[in-house]
Structure formats: structure tokens, C-alpha cells
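Take a look at the structure below.
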Amino acid sequence: QGQTFDGQTPDVPMTLWDVHAAYERGNWRLRALYTQATLDDTLAVNRELTAGNGIGDGEAIAEKLTGWYVEAGYDIMPALGGPAEQSLYPWVRYSALDTQASLASGVKNAGFTKDPANDRTVTEVGLHYMPHPQVVVKAEYRDWSSEADAASANNQDEYVVGLGYQF
């Protein structure tokens, strides 16, 4: 991003890829995703950030970040006798994400460590109501967990309400 380290702009490319699948049959909807990002020369990045911004123990920039989820849902509107263009869709999703999946050996040898709080899972349940195929009203609950202290921000549960429109 144009930042200079010791007067030079480093070459720190990032590779990001994902694999995803979706399956719909009848009222069932199933989805899954796996994604991974890799960064090069994270030792130079960590050293620079330590010197300039005070990165602390456990805050190292990793060379590999990963995440995945599996989700299942079922449209119950037909069973309720609702209009064909409407949908009422309860669903459940289990996700795992690790923003420090792998530290480069040079980063570890330089004394940087991983924070187990960055290896998180989340179990979500939700209900989506679609009064029109292009409009959705969402209500969700997210139960976050990690190896961090129970009071950590990484372990706080969330309630989410949203409205969406696709045009």
C-alpha cells in the first residue's frame, strides 16, 4: 500500500483464494466455503510494525490466514401455506477462522508469537423472511468462541437484525 520500510517499498504480495459450493433441492439450501490468504515477507512487515506502531506479543502478522463455514437452511413458507413468492428460511451455520493460522519460521525465530484468541469459531442461527424475491429481513444470533478469556471481545455473542434489497 505504498508504505516504506527503511526507505524502501517492500514487495509483500498477497494471494487470496476460495472454494465454495451451493446446493438447492426442494426447500433445502446447503452452502460451504473455504478460503485462505498468504502473505510474503511477513518478517519484514512484523519488524517494521513493531518498530513503528508497537505491535505486541501475539499480534504478529501471519503468513497464512484461513477460514471456512458450512450452512444448512430450509424454506418453511410452503408448509405454512404462505404465498409462493415469499420465503421464510431458518438456517444454521458453523464457521472457523484463524487470522494467524501459520507464522513464518523467521517470524517465530524473531520472537513473535500467535495469540490463540485469533483462532475462533462461531455458531450462528438465523431466520430470513423474504416478502419479495428481492427483499429480505434478517434476524441472527452468533455465538463466538476462542481459547481467549471468556470476557474477551473474541468471545462476545451478537444479535444482528438487517434489511436487504437486491436490485
Side-chain angles (χ1 to χ4, degrees), residues 1-3 12-40 42 45 49 53 55-56 58-104 113-167:
Q1 297 184 12
Q3 185 173 356
V12 186
M14 181 182 85
T15 303
L16 176 64
W17 62 271
D18 72 74
V19 175
H20 59 272
Y23 178 76
E24 292 188 23
R25 183 171 184 141
N27 295 351
W28 283 101
R29 296 179 186 153
L30 307 172
R31 298 188 323 169
L33 170 91
Y34 177 84
T35 189
Q36 179 175 298
T38 56
L39 292 165
D40 289 341
T42 55
V45 173
L49 292 175
N53 297 321
I55 268 187
E59 296 179 313
I61 305 299
E63 73 174 343
K64 181 166 68 170
L65 302 80
T66 61
W68 61 268
Y69 73 79
V70 292
E71 176 184 298
Y74 189 83
D75 184 4
I76 63 173
M77 187 61 80
L80 299 175
E85 71 276 0
Q86 294 186 9
S87 176
L88 186 60
Y89 176 68
W91 56 272
V92 62
R93 179 187 302 154
Y94 184 80
S95 307
L97 57 137
D98 189 351
T99 56
Q100 290 180 319
S102 176
L103 295 183
T113 61
K114 293 173 63 170
D115 182 350
N118 292 322
D119 185 1
R120 298 172 283 178
T121 61
V122 59
T123 303
E124 301 173 74
V125 292
L127 183 66
H128 292 178
Y129 170 59
M130 298 180 73
H132 181 276
Q134 293 174 282
V135 177
V136 64
V137 179
K138 301 178 170 194
E140 304 171 13
Y141 168 73
R142 299 175 183 160
D143 178 21
W144 289 89
S145 66
S146 73
E147 295 298 317
D149 180 288
S152 165
N154 285 347
N155 290 332
Q156 299 300 309
D157 296 345
E158 297 176 316
Y159 296 93
V160 180
V161 176
L163 177 66
Y165 172 72
Q166 179 181 348
F167 53 93

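All values derive from a computational prediction rather than experimental measurement.
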Report the residues that fulfil salt bridge (Lys or Arg N to Asp or Glu O under 4.0 Å) with R31, sequence neighbours left out, ordered by chain and then residue number.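 Scan of R31 (salt bridge (Lys or Arg N to Asp or Glu O under 4.0 Å), adjacent residues dropped) gives E71.
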
Salt bridge (Lys or Arg N to Asp or Glu O under 4.0 Å) involving E63 - partner list, sequence neighbours excluded: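 None.
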
Identify, with sequence neighbours excluded, every residue that meets side chain to side chain donor-acceptor pair (under 3.5 Å) alongside [X].
| X | value |
| --- | --- |
| D157 | Y141 |
| D18 | H20 |
| Y74 | none |
| E24 | none |

Kindly write out the residues that satisfy side-chain contact (heavy atoms from CB on, under 4.5 Å) with [X], not counting sequence neighbours, or none if the list is empty.
| X | value |
| --- | --- |
| Y23 | R25, L30 |
| D75 | N27, R29, M77, P78, S87 |
| V136 | H128, M130, K138 |
| Y34 | W17, Q36, T66, W68 |

Please report the closest heavy-atom contact between [X] and [Y], naming both atoms and the distance.
| X | Y | answer |
| --- | --- | --- |
| A60 | T113 | CB-O, 3.9 Å |
| A62 | A101 | CB-N, 4.4 Å |
| S146 | D119 | CB-O, 3.6 Å |

When rounded to the nearest 0.5 angstrom, what distance separates CD1 in I61 from CD in Q100?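 CD of Q100 is found 8.0 Å from CD1 of I61.
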
Would you give the length of the straight line joining atom CH2 of W28 to atom OH of Y89, rounded to the nearest 0.5 angstrom?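 If we round to the nearest 0.5 Å, W28:CH2 and Y89:OH are 9.5 Å apart.
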
State, with a plain yes or no, whether a side-chain heavy atom of L88 is found less than 4.5 Å away from one of L80.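 Counting from C-beta outward, L88 and L80 do come under 4.5 Å.
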
With heavy-atom distances below 4.5 Å as the criterion, would you say the side chains of L16 and T35 are in contact?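 A side-chain contact exists here, since the closest heavy-atom pair is under 4.5 Å.
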
K114 side chain to S102 backbone, donor-acceptor under 3.5 Å: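 Answer holds: no.
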
Among T38, T99, D98, the one residue meeting side chain to side chain contact (heavy atoms under 4.5 Å, CB included) with L65: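 The residue from T38, T99, D98 that satisfies side chain to side chain contact (heavy atoms under 4.5 Å, CB included) with L65 turns out to be T99.
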
Please set out all donor-acceptor pairs under 3.5 angstrom arising from side-chain atoms of residues 158-166, sequence neighbours excluded.
residue, atom, partner, partner atom, Å
E158, OE1, R142, NH1, 3.3
E158, OE1, W144, NE1, 3.0

